[in-house]
Amino acid sequence: MRNYLLNGHTEIFGAEIGTLIYGAGKGIIRSFQDFDLCAEPYMKHPKNTIYYFGDLDYEGIGIYENLAEKFRSRWKILPFVPAYQAMLGKAEQITELPETKEHQNRNISTQFFSCFDEIMVKKNGSCSG
């Protein structure tokens, strides 16, 4: 995505993207704690929507839910649904997907999945089981 934006594109999956932040897994929560100190004023504007795109497993969903909850009073943070749809579409072309890594924290809520339509959630399964 970074290279795509650096090559002059301004949209990813139809969404206008002004800034891309690499969070390095759980490191995104630490990054956002310093966001006010480091980010440009336009990035911190409370009317901005921040899209999250991470791994589609228990850990990735948990990171999103923790991030969205921790900073909900300051920013609207949503899953980047079009990117997840593309990921799932690509997964349909693969005959065997890897197993979920062992020892992942499976303590997730329905917050992440509530951003997707019911058909997509049912078709691709849910990680809450």
Would you give the length of the straight line joining atom [atom1] of [X] to atom [atom2] of [Y], rounded to the nearest 0.5 angstrom?
{"X": "L67", "Y": "E65", "atom1": "CG", "atom2": "CD", "value": "11.0 Å"}
{"X": "M43", "Y": "I50", "atom1": "CE", "atom2": "CD1", "value": "8.0 Å"}
{"X": "N66", "Y": "E59", "atom1": "CG", "atom2": "CD", "value": "9.5 Å"}
{"X": "L5", "Y": "E11", "atom1": "CG", "atom2": "CD", "value": "10.5 Å"}
{"X": "L6", "Y": "M1", "atom1": "CG", "atom2": "CE", "value": "13.5 Å"}

Does F53 have its ring centroid less than 6.0 Å away from the ring centroid of F13? no
Testing the basics here: between F71 and I29, what is the closest heavy-atom pair and its distance to 0.1 Å? CZ-O, 4.0 Å
Residue pair A68 / Q111: nearest heavy atoms and the distance that separates them: CB-NE2, 3.4 Å
Quickly, which of I77, D55, I28 forms a side chain to side chain contact (heavy atoms under 4.5 Å, CB included) with Y64? Name it, please. I77
Give me the one residue out of Y52, F116, Y51 that meets side chain to side chain contact (heavy atoms under 4.5 Å, CB included) with P79. F116
Taking N48 for its side chain and Y42 for its backbone only, find out whether a donor-acceptor pair lies under 3.5 Å. yes
Should F112 and I63 count as side-chain neighbours, where that means a heavy-atom distance under 4.5 Å? no
